[in-house]
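Notes follow once the structure below has been shown.
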Amino acid sequence: QVQLVESGGGSVQAGGSLRLSCVASGYNSRATCMGWFRQVPGKEREGVAGIYSGGTRTRYADSVKDRFTISEDNAGNTMYLQMNNLKPEDTAMYYCAAGLCRLWDNLISLDYYNDWGQGTQVTVSS
């Protein structure tokens, strides 16, 4: 089973930046996609950004397009989410996930992800 550990969350003012990291360990050769999701209390978890194996394709939620960038290292063991121009509505617990996606799948759909990290809190103040 894949173990996923997130880091990099914190508190920033609106307009600031944060970079989240997710380190994957364990046997994950079957995983073909990784993604970032977020959740606030009382709401459903939502997809933020996803990346297909090797970085051949990415997908973003409309709310974060042009502000967030997902990437992974060459080994595919560490995934990043660069978050710029943060807004108060970005405040949430952010989770990384690994899953099985086909190249044409919706990379930010919960349907394809089975392994989850514990989350890292991002708080953006106005």
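Basis for what follows: all heavy atoms, side chains included, without hydrogens, waters or symmetry-related copies. For the single chain, residues carry numbers from 1 onward in sequence order.
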_Heavy-atom neighbours of Gln121 CD exceed 12 at 6.0 Å_ = yes
_Partner residues of Ser11 under the side-chain hydrogen bond (donor to acceptor under 3.5 Å, both in side chains) criterion, sequence neighbours left out_ = none
*Tyr52 and Leu107: CA distance, side-chain angles, deciding distance, side-chain contact (heavy atoms from CB on, under 4.5 Å) verdict*: CA-CA 7 Å; Tyr52 190 78; Leu107 300 178; 4.2 Å; yes
*Between Asp105 and Arg102, does at least one N-O distance fall below 4.0 Å, as a salt bridge requires?*
yes
*Restricting to pairs with a member in residues 54-113, which pass disulfide bond (SG atoms under 2.5 Å apart), not counting sequence neighbours?*
Cys22-Cys96, Cys33-Cys101
*Kindly indicate, with the supporting measurements, whether the criterion side-chain contact (heavy atoms from CB on, under 4.5 Å) is fulfilled by Met93 and Phe37.*
CA-CA 8 Å; Met93 184 71 78; Phe37 296 79; over 6 Å; no
_Would Ile51 and Arg57 count as a side-chain contact (heavy atoms from CB on, under 4.5 Å) here? Give the steps._
CA-CA 6 Å; Ile51 186 165; Arg57 193 167 78 88; over 6 Å; no
*Is Tyr113 reachable from Tyr60 through a run of hydrophobic residues whose side-chain heavy atoms are each under 4.5 Å from the next?*
no
*List the atom of Ser125, the atom of Pro88, and the distance in Å for their closest heavy-atom pair.*
C-CG, 4.5 Å
*Do Tyr95 and Leu110 share a hydrophobic cluster (ILVMFWY, side-chain heavy atoms under 4.5 Å, transitive)?*
yes
*Same hydrophobic cluster for Tyr94 and Val2, using side-chain heavy-atom links shorter than 4.5 Å among ILVMFWY?*
yes
*Run the numbers on Asn77 and Val23 for side-chain contact (heavy atoms from CB on, under 4.5 Å), then give the verdict.*
CA-CA 6 Å; Asn77 292 331; Val23 177; 5.7 Å; no
*Identify, with sequence neighbours excluded, every residue that meets side chain to side chain contact (heavy atoms under 4.5 Å, CB included) alongside Val12.*
Leu18, Leu86, Val124
*Using the rule that two of Ile, Leu, Val, Met, Phe, Trp, Tyr join whenever any of their side-chain heavy atoms come within less than 4.5 Å, decide whether Leu20 and Met34 are in one cluster.*
yes
*Establish whether Val5 and Met79 are linked, either directly or via other cluster members, by ILVMFWY side-chain heavy-atom contacts under 4.5 Å.*
no
_Show the nearest heavy-atom pair for residues Ile70 and Trp36, with the distance to one decimal._
CD1-CD1, 3.7 Å
*CG/Asp66: more than 12 non-hydrogen atoms of other groups inside 6.0 Å*: no
